[in-house]
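Because the structure is predicted, anything quoted here is derived from the model rather than measured. Heavy-atom basis, side chains included; hydrogens, waters and symmetry copies ignored.
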Amino acid sequence: MYPLEIVAPMSQELTAFGFKGLSTPEQVSEELDQASGTTMVVVNSVCGCAAANARPGAKMALQGDKKPDNLVTVFAGVDQAATAKAREYMLPYPPSSPAIALFKDGKLVHFLERHHIEGRSAEIIAANLQMAFERYC
């Protein structure tokens with residue numbers, strides 16, 4: 001587990017942008033058990049690819065016309081139980097952080113694993129997400 005004072009700025013980068021931070025399994029279930037609408041989940045991380053690619057890409061993707069109804073985030077290595085619960089909804093994909101998932105009507109419809117994020121620019125990640133938004137939102 002990482003000290004909260006170290007990860008707070010990394011967490012606030014998304015929550016200050018409108019993402020709802022989920023810190024308990026119950027909060028995750030409440031958000032992802034919704035029967036209608038779209039929800040984007042960012043599995044945040046302290047790694048460099050989260051800082052340089054995932055968080056900026058997720059925020060950039062939201063600049064388009066179409067966007068998810070709900071924006072939430074869990075923090076791997078900080079909110080362990082909430083992250084584990086979110087990953088249950090992301091099966092059959094293995095645990096990945098960072099990661100970005102899009103749910104529509106309670107079903108996982110688009111997923112970016114770490115290997116889709118690492119080594120790719122924030123612009124490429126944003127374009128990928130915007131294509132998913134066009135299709136599902």
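- The closest donor-acceptor contact from the side chain of Lys66 to the backbone of Phe133 lies at 3.5 Å or more, if one exists at all.
- Note on Val42 and Phe103: separate hydrophobic clusters, where clusters join Ile, Leu, Val, Met, Phe, Trp and Tyr whose side-chain heavy atoms are under 4.5 Å apart, directly or indirectly.
- A continuous path of hydrophobic side-chain contacts links Leu71 to Phe17 [ILVMFWY only; heavy atoms under 4.5 Å].
- Between the CD1 atom in Ile125 and the NZ atom in Lys59 there is a gap of 13.0 Å [rounded to 0.5 Å].
- Across every non-hydrogen atom of Arg114 and Cys47, the tightest pair is NH1-SG, 3.4 Å.
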One pair to check against side-chain contact (heavy atoms from CB on, under 4.5 Å): Met60 and Ser121. What are the steps and the verdict?
CA-CA 11 Å; Met60 234 182 270; Ser121 70; over 6 Å; no
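- What you find for Pro56 and Ala50 is that their closest heavy atoms are CD-O, 3.7 Å.
- For Arg55 (side chain) and Ser45 (main-chain N/O), a donor-acceptor pair under 3.5 Å exists by modelled atom type.
- Within 6.0 Å of atom OH in Tyr2, 12 or fewer heavy atoms from other residues, nucleotides or ligands are found, so the atom counts as exposed in its surroundings.
- In plain terms, the two heavy atoms of Arg87 and Ser97 that are nearest each other are NH2-CB, 3.5 Å.
- Distance check, rounded to the nearest 0.5 Å: SG of Cys137 to NE2 of His110 gives 10.5 Å.
- Taken from CD in Glu26 to NZ in Lys85, the straight-line distance is 8.5 Å, to the nearest 0.5 Å.
- By the criterion of side-chain heavy atoms lying less than 4.5 angstrom apart, applied directly or through intervening Ile, Leu, Val, Met, Phe, Trp or Tyr residues, Val43 is grouped together with Leu32 in one hydrophobic cluster.
- Two residues are said to be in side-chain contact when any heavy atoms from C-beta on lie closer than 4.5 Å; Phe75 and Leu14 fail this criterion.
- Side-chain atoms of Arg120 and Asn53 form no donor-acceptor pair, as typed in the model, at a separation below 3.5 Å.
- Annotation for Ile117 and Pro98: closest pair CD1-O, 3.8 Å, computed over non-hydrogen atoms.
- The shortest heavy-atom contact between Ala101 and Met90 is CB-CE, 4.0 Å.
- Annotation: cation-pi pair Lys104/Tyr136 absent, no NZ/CZ under 6.0 Å from the ring centroid and within 45° of its normal.
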Would Tyr93 and Leu108 count as a side-chain contact (heavy atoms from CB on, under 4.5 Å) if you check the C-alpha gap in whole Å, the side-chain angles of each, and the deciding distance to 0.1 Å?
CA-CA 10 Å; Tyr93 294 97; Leu108 180 65; 3.8 Å; yes
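- Residue Val72 is not grouped with residue Phe19 when hydrophobic side chains (ILVMFWY) are merged at heavy-atom distances under 4.5 angstrom, including chains of intermediate members.
- Of the possible donor and acceptor atoms, one in the side chain of Asn44 sits under 3.5 Å from a partner among the backbone N and O of Met10.
- Within the model, atoms OG of Ser96 and CD of Glu118 stand 9.5 Å from one another, a figure rounded to the nearest 0.5 Å.
- The environment of CG in Asp65 is sparse: at most 12 heavy-atom neighbours from other residues, nucleotides or ligands sit within 6.0 Å.
- Distance CE/Met40 to CG/Asn70: 11.0 Å, rounded to 0.5 Å.
- A pairwise comparison of heavy atoms in Ile100 and Ala58 identifies CD1-CB, 4.2 Å as the closest pair.
- Taking NE2 from His116 and CG from Asn128, the interatomic distance works out to 8.0 Å, rounded to the nearest 0.5 Å.
- Leu4 and Ile6 fall within the same hydrophobic cluster, where Ile, Leu, Val, Met, Phe, Trp and Tyr residues are linked whenever their side-chain heavy atoms come under 4.5 Å apart, directly or through other members.
- The shortest side-chain heavy-atom distance between Asp105 and Ser36 falls under the 4.5 Å cut-off.
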Verify side-chain contact (heavy atoms from CB on, under 4.5 Å) between Leu22 and Asp79, making sure each step is shown before the conclusion.
CA-CA 8 Å; Leu22 308 177; Asp79 300 317; over 6 Å; no
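- Judged purely by atom type and a 3.5 angstrom limit, Thr73 has no side-chain atom pairing as donor or acceptor with the backbone of Gly21.
- Results of the side-chain contact (heavy atoms from CB on, under 4.5 Å) test with Pro68 over Val41, Leu129, Leu102 single out Leu102 as the only residue that passes.
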